[in-house]
Amino acid sequence: MISRRNFLELSLKSIVLIGAGSTLQSFAPGGFVLPPRKKVKLRFALASDGHYGQPKTAFDENHSSMVQLLNAEASGRGLDFSVINGDVFHDDPKLIHPAKAAWDKLSMKYYVSHGNHDKIPEPEWEKVFGTAWHYDFRQGSNAFIVLNTADVTGKYICPDLEWTRTALAKHKDAKNLFVIMHITPVKWTEHGIDCPELIEMFSAQKNLKAVFHGHDHAEDGMKEKNGKHFFFDGHLGGSWGTPYFGYRIVEVLNNGEVLCYQVNPKVKEPVNSHTVAQ
């Protein structure tokens, strides 16, 4: 049986090229090579599950470290923005303010999604972060839809389907569409839920390039459903999950391809890398 360590070592050498409904996997001894920066049109980062305030965790240190890492990305290869994909704080509504203060130290614009541990009423969330639980935004020719997957008590729920249907139609002419939602809508992980109507919408959306999730701290790869690609980013805090605190980088290239790779800051090469074809 292959050990987790050996598996990760193999994964570092893998590059997966995803076409429409097919996957070609190759192992390159030379390792991972980023495309020239001039070929990158948009670059953003995703991190999730900081669980600010969770007892018996180093949440202050974890947030400070992640802010430093993302700021280093911004000052190096560059970041247009970052996304904090849910579980911004841990249960207690009063923690929303110090959690936001921690993220306000980012040098770039950032967006947030609502997670199941963010147990605060939506109006209060909106007062702090300036967005509702469902919202959308544009970055050039790229559209982003942020969906909610939990109620105020932390119960897992499917996003508002009517709101989502309207948003998908609104952005059908965008060159690339990305969806950000804390909990996966397919029960292929221990902590996912099934949202078949949502998956049907996603499957029919021609310009949907990727869906990004947090929540499942032990998941840091990609899963595919009906030709659509669902990415996970592990965790940046909390008490369980992958043996590292990491984040995901997305690069939209000039040729229309979308490169997504998972970063473990303690190693030189990505944990995994996937290119979504044009």
Side-chain angles (χ1 to χ4, degrees), residues 18-21 41-44 46 48 80-86 109-116 118 122-123 125-126 129-151 155-188 192-215 222-233 248 250-260 274-278:
I18 306 169
K41 190 172 185 179
L42 177 70
R43 189 171 192 263
F44 61 96
L46 301 110
S48 70
D80 291 283
F81 60 88
S82 291
V83 178
I84 313 306
N85 197 1
K109 184 176 180 62
Y110 71 92
Y111 298 90
V112 295
S113 74
H114 178 253
N116 55 294
D118 299 318
E122 185 174 9
W125 174 274
E126 189 167 2
F129 288 116
T131 58
W133 286 351
H134 291 80
Y135 65 99
D136 60 334
F137 63 95
R138 286 259 189 162
Q139 186 83 21
S141 59
N142 302 281
F144 296 81
I145 296 174
V146 181
L147 300 177
N148 176 49
T149 55
D151 68 14
K155 178 184 176 181
Y156 302 176
I157 60 173
C158 295
D160 183 317
L161 294 178
E162 287 307 309
W163 189 98
T164 304
R165 184 176 289 106
T166 298
L168 290 171
K170 174 183 175 181
H171 295 296
K172 66 179 181 180
D173 295 326
K175 185 173 182 180
N176 301 301
L177 174 64
F178 302 97
V179 171
I180 298 158
M181 53 189 297
H182 185 62
I183 300 173
T184 177
V186 183
K187 185 60 179 174
W188 50 30
I193 58 172
D194 280 319
C195 300
E197 291 181 76
L198 185 69
I199 291 298
E200 184 178 352
M201 291 184 206
F202 286 172
S203 301
Q205 189 79 13
K206 293 183 179 180
N207 64 341
L208 177 58
K209 287 296 184 75
V211 183
F212 299 105
H213 303 299
H215 187 58
M222 185 278 296
K223 298 181 185 297
E224 184 268 340
K225 180 77 172 178
N226 298 341
K228 301 302 181 183
H229 309 108
F230 298 74
F231 293 91
F232 298 79
D233 59 27
R248 182 167 290 279
V250 180
E251 298 190 351
V252 180
L253 306 184
N254 294 332
N255 66 2
E257 293 180 338
V258 179
L259 171 64
C260 303
H274 303 80
T275 300
V276 182
Q278 183 177 0

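Sequence positions, counted from 1, serve as the residue numbers for this chain.
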J.: Would you verify whether the NZ or CZ of K109 falls within 45 degrees of the ring axis of Y111 while also being under 6.0 Å from that six-membered ring's centre?
T.: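 Yes, K109 lies over the aromatic ring of Y111.
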J.: Identify the two heavy atoms, one from T149 and one from P159, that lie closest to each other, and give their separation to 0.1 Å.
T.: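 Smallest heavy-atom distance, with atoms named: CG2-CG, 4.2 Å.
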J.: Is there a donor-acceptor contact under 3.5 Å from the side chain of Q205 to the main chain of L168?
T.: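 A pair under 3.5 Å: yes.
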J.: Taking atom CG of L42 and atom CG of N176, what is their separation to the nearest 0.5 Å?
T.: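 Reported value, rounded in 0.5 Å steps: 8.5 Å.
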J.: Write down the atom of W125, the atom of A132, and the distance for their closest heavy-atom approach.
T.: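 Distance-wise, the nearest heavy atoms are NE1-O, 4.2 Å.
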J.: Any side-chain heavy-atom pair from T131 and V146 closer than 4.5 angstrom?
T.: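 Not in contact.
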J.: Does D80 use its side chain to pair, donor to acceptor, with the backbone of R43 at less than 3.5 Å?
T.: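 Yes; at least one donor-acceptor contact below 3.5 Å.
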J.: In terms of ring plane angle, is the pair F44 and F212 parallel, tilted or perpendicular, where the classes change at 30° and 60°?
T.: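 Perpendicular.
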J.: Can you give me the closest heavy-atom contact between G192 and K187, atom names plus distance?
T.: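 Minimum heavy-atom separation between G192 and K187: O-CD, 3.0 Å.
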J.: Has the side chain of K209 got a donor or acceptor atom that lies under 3.5 Å from a matching backbone atom of K175?
T.: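 Not confirmed, K209 side chain does not pair with K175 backbone.
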J.: Taking the side chain as every heavy atom from C-beta outward, state whether F178 and L46 have any atom pair closer than 4.5 Å.
T.: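 Sidechains of L46 and F178: no contact.
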J.: Just verifying a value: how many Å separate R165 CZ and E197 CD, rounded to the nearest 0.5 Å?
T.: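 It is 7.0 Å, given to the nearest 0.5 Å.
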J.: If you take all heavy atoms of I193 and C158, which pair is closest and at what distance?
T.: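 Scanning both residues, the minimum pair turns out to be CD1-N, 3.9 Å.
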J.: Is any side-chain heavy atom of K41 closer than 4.5 Å to one of S141?
T.: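 A side-chain contact under 4.5 Å exists here.
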J.: Just how far is it from atom NE2 of H171 to atom CZ of F137, taken to the nearest 0.5 Å?
T.: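 Spacing of NE2 (H171) from CZ (F137) equals 9.5 Å.
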J.: Show your reasoning for whether side chain to side chain contact (heavy atoms under 4.5 Å, CB included) applies to F144 and F81.
T.: CA-CA 12 Å; F144 296 81; F81 60 88; 3.5 Å; yes
J.: Mind checking side chain to side chain contact (heavy atoms under 4.5 Å, CB included) for N116 and listing every partner two or more places apart, or none if nothing turns up?
T.: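 N116 satisfies side chain to side chain contact (heavy atoms under 4.5 Å, CB included) with D87, A150, Y156, H182, I183, H215 once adjacent residues are dropped.
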J.: Kindly compute the distance separating NE2 (H114) from CD (E126), expressed to the nearest 0.5 Å.
T.: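 Rounded to the nearest 0.5 Å, the NE2-CD separation comes out at 12.5 Å.
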J.: My understanding is that only residues two or more places apart in sequence, or in another chain, count here; which of them pass side chain to side chain contact (heavy atoms under 4.5 Å, CB included) with A167?
T.: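 Residues passing side chain to side chain contact (heavy atoms under 4.5 Å, CB included) with A167: I145, W163.
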J.: What is the minimum heavy-atom distance between E224 and M222, and which atoms define it?
T.: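 In this case the closest contact between E224 and M222 is N-SD, 3.8 Å.
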J.: If we ignore hydrogens and angles and just use 3.5 Å, is the side chain of S113 paired with the main-chain N or O of G86 as donor and acceptor?
T.: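 Side chain of S113 to backbone of G86: a pair is present.
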J.: Any non-hydrogen side-chain atom of D194 less than 4.5 Å from a side-chain atom of V186?
T.: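 Heavy-atom side-chain distance check passes, below 4.5 Å.
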J.: What distance separates K223 NZ from H213 NE2, expressed to the nearest 0.5 Å?
T.: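 So the gap between those two atoms works out to 10.5 Å.
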J.: If we ignore hydrogens and angles and just use 3.5 Å, is the side chain of E257 paired with the main-chain N or O of T275 as donor and acceptor?
T.: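 No.
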J.: Sub-3.5 Å donor-acceptor pair from the side chain of H134 to the main-chain atoms of D160, do we have one?
T.: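 It does hold such a pair.
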J.: Going by heavy atoms in the side chains, are H229 and V258 under 4.5 Å from each other?
T.: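 The answer is no; the side chains never approach within 4.5 Å.
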J.: Compare every heavy atom of K206 with every heavy atom of K228, then report the nearest pair and how far apart it is.
T.: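 That closest heavy-atom pairing would be NZ-O, 3.8 Å.
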J.: Would you say that L177 contacts F202 through its side chain, given a criterion of any heavy-atom pair below 4.5 Å between the two side chains?
T.: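 L177 vs F202: side chains apart.
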J.: Which value, rounded to the nearest 0.5 Å, describes the distance between F129 atom CZ and I84 atom CD1?
T.: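 Rounded to the nearest 0.5 Å, the CZ-CD1 separation comes to 9.0 Å.
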J.: Ignoring hydrogens and angles, tell me if any N or O in the side chain of N207 forms a donor-acceptor pair with the backbone of A174 under 3.5 Å.
T.: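 A pair under 3.5 Å: yes.
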J.: Flag the pair N148 / I157 as yes when at least one side-chain heavy-atom distance between them is below 4.5 Å, and no otherwise.
T.: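 Yes - at least one pair of side-chain heavy atoms lies under 4.5 Å apart.
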